[in-house]
Amino acid sequence: GNQYLSKEAAHQMVERAIRRVNDDSGGVQFRHDPRLQWPSMMYVTSEQSDAVFQDIQCPVAVLLAEDGWPFGAERLEKTKKYLQPQTMVTLPGSHHFHTDPNTADAVIEQVKKFLF
(Lines give C-alpha, C1' and ligand atoms only; values in the text may rest on other atoms or scores of the structure.)
Protein backbone atom coordinates (compact mmCIF):
# COMPACT_ATOMS: atom_id res chain seq x y z
CA GLY A 1 0.00 0.00 0.00
CA ASN A 2 0.85 3.64 -0.23
CA GLN A 3 1.89 4.17 3.40
CA TYR A 4 1.60 7.66 4.80
CA LEU A 5 0.97 9.41 8.08
CA SER A 6 -0.68 12.78 8.54
CA LYS A 7 1.26 15.53 10.25
CA GLU A 8 -1.24 15.42 13.14
CA ALA A 9 -0.84 11.66 13.66
CA ALA A 10 2.96 11.95 13.47
CA HIS A 11 2.88 14.73 16.06
CA GLN A 12 0.77 12.60 18.44
CA MET A 13 3.09 9.61 18.03
CA VAL A 14 6.18 11.71 18.72
CA GLU A 15 4.55 13.28 21.79
CA ARG A 16 3.89 9.79 23.18
CA ALA A 17 7.42 8.65 22.33
CA ILE A 18 9.40 11.37 24.09
CA ARG A 19 10.07 12.44 27.61
CA ARG A 20 11.33 15.80 28.78
CA VAL A 21 14.91 15.84 30.02
CA ASN A 22 15.11 16.98 33.65
CA ASP A 23 17.76 19.61 33.21
CA ASP A 24 17.96 23.20 32.02
CA SER A 25 18.48 22.26 28.36
CA GLY A 26 14.78 21.97 27.57
CA GLY A 27 15.63 18.86 25.61
CA VAL A 28 13.74 15.66 25.04
CA GLN A 29 14.72 12.01 24.88
CA PHE A 30 13.02 9.40 22.76
CA ARG A 31 11.80 6.39 24.68
CA HIS A 32 10.80 3.03 23.34
CA ASP A 33 11.15 -0.61 24.14
CA PRO A 34 14.49 -1.60 22.55
CA ARG A 35 13.15 -5.13 22.17
CA LEU A 36 11.04 -3.80 19.30
CA GLN A 37 14.23 -3.64 17.23
CA TRP A 38 15.25 -7.22 17.92
CA PRO A 39 14.69 -9.83 15.24
CA SER A 40 11.47 -11.74 15.72
CA MET A 41 11.88 -14.91 17.74
CA MET A 42 9.08 -16.58 15.82
CA TYR A 43 7.80 -16.29 12.31
CA VAL A 44 4.38 -17.65 11.41
CA THR A 45 3.71 -19.31 8.08
CA SER A 46 0.48 -18.79 6.15
CA GLU A 47 -0.52 -22.33 7.07
CA GLN A 48 0.00 -21.66 10.77
CA SER A 49 -1.96 -18.42 10.50
CA ASP A 50 -4.80 -20.25 8.74
CA ALA A 51 -4.86 -22.90 11.48
CA VAL A 52 -5.22 -20.23 14.17
CA PHE A 53 -7.91 -18.42 12.18
CA GLN A 54 -9.88 -21.65 11.78
CA ASP A 55 -10.08 -22.06 15.57
CA ILE A 56 -11.54 -18.61 16.25
CA GLN A 57 -15.14 -19.10 17.35
CA CYS A 58 -16.34 -15.59 18.15
CA PRO A 59 -17.67 -12.77 16.01
CA VAL A 60 -14.90 -11.01 14.10
CA ALA A 61 -14.57 -7.58 12.51
CA VAL A 62 -11.89 -6.97 9.90
CA LEU A 63 -11.16 -3.31 9.21
CA LEU A 64 -8.78 -2.60 6.36
CA ALA A 65 -7.24 0.69 5.28
CA GLU A 66 -7.37 1.64 1.60
CA ASP A 67 -3.63 2.33 1.69
CA GLY A 68 -2.87 -0.12 4.48
CA TRP A 69 -0.55 -3.07 4.58
CA PRO A 70 -0.61 -4.73 1.15
CA PHE A 71 -2.26 -8.14 1.36
CA GLY A 72 -2.72 -10.11 -1.83
CA ALA A 73 -6.16 -11.15 -3.03
CA GLU A 74 -5.48 -14.80 -2.15
CA ARG A 75 -4.53 -13.91 1.44
CA LEU A 76 -7.67 -11.81 1.84
CA GLU A 77 -9.88 -14.60 0.47
CA LYS A 78 -8.35 -17.12 2.89
CA THR A 79 -8.81 -14.67 5.75
CA LYS A 80 -12.49 -14.24 4.85
CA LYS A 81 -12.93 -18.00 4.50
CA TYR A 82 -11.39 -18.88 7.86
CA LEU A 83 -12.46 -15.91 10.00
CA GLN A 84 -15.91 -15.52 8.47
CA PRO A 85 -16.02 -11.91 9.65
CA GLN A 86 -19.34 -10.49 10.68
CA THR A 87 -17.98 -7.17 9.43
CA MET A 88 -15.33 -6.66 6.77
CA VAL A 89 -14.92 -3.12 5.55
CA THR A 90 -12.26 -1.04 3.84
CA LEU A 91 -11.91 2.52 5.10
CA PRO A 92 -9.88 5.52 3.95
CA GLY A 93 -6.41 5.78 5.40
CA SER A 94 -3.05 4.10 5.76
CA HIS A 95 -1.51 1.64 8.22
CA HIS A 96 -2.19 3.88 11.23
CA PHE A 97 -5.74 4.81 10.20
CA HIS A 98 -6.97 4.03 13.71
CA THR A 99 -4.73 6.72 15.25
CA ASP A 100 -4.84 9.36 12.53
CA PRO A 101 -7.24 12.19 13.43
CA ASN A 102 -8.19 12.43 9.73
CA THR A 103 -9.47 8.83 9.60
CA ALA A 104 -9.95 7.60 13.18
CA ASP A 105 -13.61 8.62 13.42
CA ALA A 106 -14.60 6.20 10.65
CA VAL A 107 -12.71 3.40 12.44
CA ILE A 108 -14.38 4.25 15.75
CA GLU A 109 -17.81 4.20 14.13
CA GLN A 110 -17.20 0.75 12.63
CA VAL A 111 -15.95 -0.64 15.95
CA LYS A 112 -18.98 0.78 17.79
CA LYS A 113 -21.30 -0.62 15.14
CA PHE A 114 -19.69 -4.04 15.51
CA LEU A 115 -19.72 -4.05 19.33
CA PHE A 116 -23.13 -2.52 19.95
Side-chain angles (χ1 to χ4, degrees):
N2 178 26
Q3 302 298 307
Y4 59 88
L5 190 63
S6 73
K7 186 175 181 178
E8 295 84 6
H11 182 77
Q12 289 175 359
M13 288 178 153
V14 169
E15 282 296 317
R16 284 194 305 265
I18 61 173
R19 70 176 182 83
R20 306 277 175 217
V21 176
N22 290 330
D23 61 19
D24 293 330
S25 71
V28 297
Q29 183 177 41
F30 279 95
R31 60 182 173 184
H32 70 280
D33 185 341
R35 294 173 294 184
L36 295 173
Q37 296 176 330
W38 293 359
S40 180
M41 295 178 68
M42 182 176 81
Y43 292 92
V44 178
T45 67
S46 291
E47 293 78 15
Q48 291 169 321
S49 173
D50 292 344
V52 170
F53 286 177
Q54 287 175 359
D55 278 348
I56 294 175
Q57 298 180 18
C58 63
V60 172
V62 176
L63 305 180
L64 302 166
E66 286 175 354
D67 291 315
W69 196 259
F71 292 104
E74 182 181 344
R75 179 73 253 159
L76 283 175
E77 287 307 312
K78 281 186 174 183
T79 299
K80 277 197 266 188
K81 175 184 172 184
Y82 296 133
L83 287 179
Q84 299 180 5
Q86 184 176 341
T87 301
M88 185 163 189
V89 72
T90 300
L91 300 169
S94 184
H95 179 73
H96 292 283
F97 70 142
H98 57 291
T99 61
D100 193 322
N102 297 327
T103 55
D105 286 346
V107 176
I108 291 165
E109 286 307 311
Q110 288 296 321
V111 171
K112 286 172 30 180
K113 190 174 170 181
F114 174 72
L115 293 175
F116 307 112

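Numbers here are sequence positions counted from 1. If you're wondering where the values come from, they're calculated on a predicted model, not measured in any experiment.
M42 belongs to a hydrophobic cluster whose remaining members, ordered by chain and number, are V44; membership requires side-chain heavy atoms of ILVMFWY residues under 4.5 Å apart, directly or through intermediates. In the hydrophobic clustering, where aliphatic and aromatic side chains (Ile, Leu, Val, Met, Phe, Trp, Tyr) are joined below 4.5 Å either directly or transitively, F114 groups with L63, V89, L91, F97, V107, V111, L115, F116. I108 forms part of no hydrophobic cluster, judged by ILVMFWY side-chain heavy-atom separations under 4.5 Å. When hydrophobic residues (I, L, V, M, F, W, Y) are linked wherever their side-chain heavy atoms come within less than 4.5 Å, V52 remains an isolated member.
M88 and L64 make their closest contact through CE-CD1, 3.9 Å (heavy atoms, listed as atom of the first residue, atom of the second, distance). Taking both residues in full, the closest heavy atoms of A65 and S94 are given as CB-O, 3.2 Å, listed atom of the first, atom of the second, then distance.
Looking at residues two or more places apart in sequence or on another chain, you find a side chain to side chain donor-acceptor pair (under 3.5 Å) between E109 and K112. Looking at residues two or more places apart in sequence or on another chain, you find a side chain to side chain donor-acceptor pair (under 3.5 Å) between S25 and D23. With sequence neighbours left out, E8 forms a salt bridge (charged side-chain N to carboxylate O under 4.0 Å, His left out) with no residue at all. Judged as a side chain to side chain donor-acceptor pair (under 3.5 Å), and not counting sequence neighbours, K7 has no contacts. Legend: residues meeting side chain to side chain contact (heavy atoms under 4.5 Å, CB included) with K78, ordered by chain and number and at least two apart, are D50, E74, R75, Y82.
Proximity of T87 to K113: side-chain heavy atoms (C-beta onward) are nowhere separated by under 4.5 Å.
Pairs passing the side chain to side chain donor-acceptor pair (under 3.5 Å) check and including a residue from residues 9-21, sequence neighbours excluded, read R19-Q29. Sorted by first then second residue, the salt bridge (charged side-chain N to carboxylate O under 4.0 Å, His left out) pairs that include residues 79-102, not counting sequence neighbours, are E77-K80. Within the structure, the salt bridge (charged side-chain N to carboxylate O under 4.0 Å, His left out) test picks out no pair touching residues 84-97 (sequence neighbours left out).
Taking hydrophobic clusters as Ile, Leu, Val, Met, Phe, Trp and Tyr residues chained together by side-chain heavy-atom distances below 4.5 Å, L5 does not share a cluster with V14.
Within 6.0 Å of CG on N22 lie no more than 12 heavy atoms contributed by other residues, nucleotides or ligands.
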